[in-house]
Number of protein chains: 2
Amino acid sequence: MGKLADTVVTRLRGGIVDGTYAPGTRLVEADLCREFGVSRVPVREALRHLEAEGFVVSRPYAGVRVARFGPDEAADLFAVRRALEETTARRAATRMRDRTSVAGRDPGLEELGERLTSLVAMGHTALREWPEEVAALNTSFHATIAELSGSTVLVSLFRQVAAKIEWLYAMDVGVRGPHSWSEHAAIAEAVTAGDPERAAALMAEHVEASLTGYLLRHAPQ
Amino acid sequence: MGKLADTVVTRLRGGIVDGTYAPGTRLVEADLCREFGVSRVPVREALRHLEAEGFVVSRPYAGVRVARFGPDEAADLFAVRRALEETTARRAATRMRDRTSVAGRDPGLEELGERLTSLVAMGHTALREWPEEVAALNTSFHATIAELSGSTVLVSLFRQVAAKIEWLYAMDVGVRGPHSWSEHAAIAEAVTAGDPERAAALMAEHVEASLTGYLLRHAPQ
DNA sequence: CAGGGTCGGAATGTATACAAACGCCGCCGG
DNA sequence: CCGGCGGCGTTTGTATACATTCCGACCCTG
């Protein structure tokens, strides 16, 4: 097994995102050690990692706290996400288009493509049978496209933005808007068909719709 | 003085960005300890931080290496940067516009605004007298606008993207394109005047021009 | 001589121990 | 009674020591 710090990062970030650790909560190293059953070094490394990602803030000798996350930043986040996913979709489609010319240099490419279409199918059935699974499938869908882009920079930026959006949704009711899997299907089709511009446009539109839905549910008050 | 890890992060990232540590170089903890005169714990924390930012990659028990950074990712990076800075400029201008209504709740706001205009002035004079200072002033200019946005999320994302762009420029010749400080002046004017949409549009155009310049210098071959 | 297996060194992962700084609580003086 | 201040406990920052894993060299065998 790899590094303890990685599992601590995952669990801590999960706890922050799902609201177990509320914004402003002070995270004491010793407590986290007891909670995760590890020493202080992995805990500190994990905290540094999350600090770099912006989930916690720390002041010297004053400890680390869960970052505060105002709804003002929602629109900013969606703006960044729009550009980010527009780009990942475009590059993913480009790579799918050129995959034959490079003679299957990346064997994982086909696998990811199949995973994408299978996720769309699963999404359609889950939509009416296991609604609670839809959110996870949605995340996987977008993450798969990011991985298809093949750019480590894009993937790492996407991870952070996606996690923060997740956080955003979890902070209020926890109910996410109705997912339009028909849009997902269209995006997946454009990506696998290797049409970069169509994929980018559809993805941009999809994120835009997502933001509109979010604002509709929150602005009215 | 705060944390040793922070200074190590800064110096290491600087070394990576300016080419002291070439991509693919293995970073041995003990060597870094001797180099910076600190123990392994701060070094490890710094490495974790840089890993989260995507400047190094690490495999368990295989050490950490400086990330490889293909020119393919340049266009992606600029696309993200465009959206990011478009957003920071818009929010910065919004905050400047509304700064009176909230009755100067943020005293640092005025200071940052003045710093912005002073940076523009310094840029104009530096352009013809100390050309080697221009790059640093450019970075400060964009960073100041990011801080003016007041969004920790945007600032943290901006830092990473900006450093990577810096890296990009440093990896080849080290000569950056001619900086158009007239564009900077226009942006600063729109921001301080509190015109969000104009600031956003100008910034987007500015980044776009930056990308065009980059591609012109690299695509031709 | 080639190939594979095994052993040793070196570097990472983890835990524990020590030092420095902050904040809180109680005390004292005005 | 209230505000400043100093001691003390808690927590973070740093260093050192131990355990685990990987990589490479060497040797043995076919």
Side-chain angles (χ1 to χ4, degrees), chain A residues 1-16 20-69 152 156 159, chain B residues 1-16 20-69 108 152 155-156 159:
Chain A
M1 222 266 293
K3 311 203 246 189
L4 287 187
D6 284 333
T7 74
V8 175
V9 166
T10 304
R11 290 183 58 181
L12 246 184
R13 182 168 42 202
I16 291 174
T20 303
Y21 303 96
T25 305
R26 178 153 179 196
L27 299 175
V28 179
E29 295 179 3
D31 297 345
L32 298 175
C33 291
R34 276 187 292 277
E35 181 164 352
F36 295 113
V38 297
S39 169
R40 277 183 61 206
V41 174
V43 167
R44 284 180 63 83
E45 290 184 17
L47 289 175
R48 291 291 298 190
H49 189 109
L50 292 175
E51 185 188 12
E53 289 185 346
F55 287 100
V56 303
V57 293
S58 87
R59 278 182 15 223
Y61 295 101
V64 3
R65 292 178 176 279
V66 178
R68 301 202 177 268
F69 198 50
T152 59
S156 103
R159 280 226 181 87
Chain B
M1 221 269 290
K3 310 202 246 189
L4 288 188
D6 284 333
T7 75
V8 175
V9 166
T10 304
R11 291 182 58 180
L12 247 183
R13 183 168 41 201
I16 291 174
T20 303
Y21 304 96
T25 305
R26 177 151 180 196
L27 299 175
V28 180
E29 295 178 4
D31 296 346
L32 298 174
C33 292
R34 276 188 291 277
E35 180 164 351
F36 295 113
V38 298
S39 167
R40 278 184 61 204
V41 174
V43 168
R44 286 179 61 83
E45 289 185 18
L47 289 175
R48 291 290 299 187
H49 188 108
L50 292 175
E51 185 188 11
E53 289 185 345
F55 287 100
V56 302
V57 293
S58 85
R59 278 185 13 226
Y61 295 103
V64 7
R65 294 176 175 280
V66 178
R68 303 202 176 267
F69 199 47
T152 59
V155 169
S156 102
R159 280 226 180 89

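From a predicted model like this one, the values you see are computed outputs, not experimental measurements. Throughout, a chain's letter reflects where its sequence line sits, starting with A, and its residues are numbered from 1.
- The CD-P distance, from B/Glu51 to C/dT12, rounds to 13 Å in whole Å.
- One atom, OH of B/Tyr61, and another, P of C/dT12, lie 12 Å apart when rounded to the nearest Å.
- Nearest to the side-chain atoms of B/Glu29 among the listed nucleotides D/dT11, D/dA15, C/dG13 stands C/dG13.
- Nucleotide C/dA19 holds its P atom 15 Å from the CZ atom of A/Arg40, rounded to whole Å.
- A sub-4.0 Å separation between OP1 or OP2 of D/dG13 and a side-chain N or O of A/Arg44 is present.
- No side-chain heavy atom of B/Val8 sits less than 4.5 Å from a side-chain heavy atom of B/Leu32.
- In this model, the phosphate group of D/dC23 is approached by a side-chain N or O of B/Arg59 to a distance below 4.0 Å at OP1 or OP2.
- With respect to A/Glu51 and A/Arg48, a salt bridge is recorded, a charged nitrogen being found less than 4.0 Å from a carboxylate O.
- If you measure from atom CZ of A/Arg48 to atom C1' of D/dG13, you get 11 Å, rounded to the nearest angstrom.
- Here C/dT12 presents its P atom at 12 Å from CD of A/Glu45, a figure rounded to the nearest Å.
- One N or O on the side chain of B/Arg65 and one on the backbone of B/Gly24 form a donor-acceptor pair closer than 3.5 Å.
- In this structure, B/Arg34 places its CZ atom 13 Å from P of D/dT16, rounding to the nearest Å.
- Between the CG atom of A/Asp6 and the P atom of C/dG13 there is a distance of 9 Å, rounded to whole Å.
- In terms of position on DNA chain C, the residue among A/Val41 and B/Val64 whose nearest nucleotide sits closer to the 5' end is B/Val64.
- Each of C/dG13, D/dG13, D/dT14 was ranked by its minimum atom distance to the side chain of B/Leu4; first place goes to D/dT14.
- Atom NE2 in A/His49 sits about 14 Å away from atom P in C/dG13, given to the nearest Å.
- Residue contacts for A/Leu27: at a heavy-atom cut-off of 4.0 Å it reaches the sugar-phosphate backbone alone, with no base atom in range.
- Annotation: side chain of A/Leu12 is not in contact with side chain of A/Val56 (no heavy-atom distance under 4.5 Å).
- A salt bridge links B/Arg13 with B/Glu53; the closest basic N to acidic carboxylate O contact falls under 4.0 Å.
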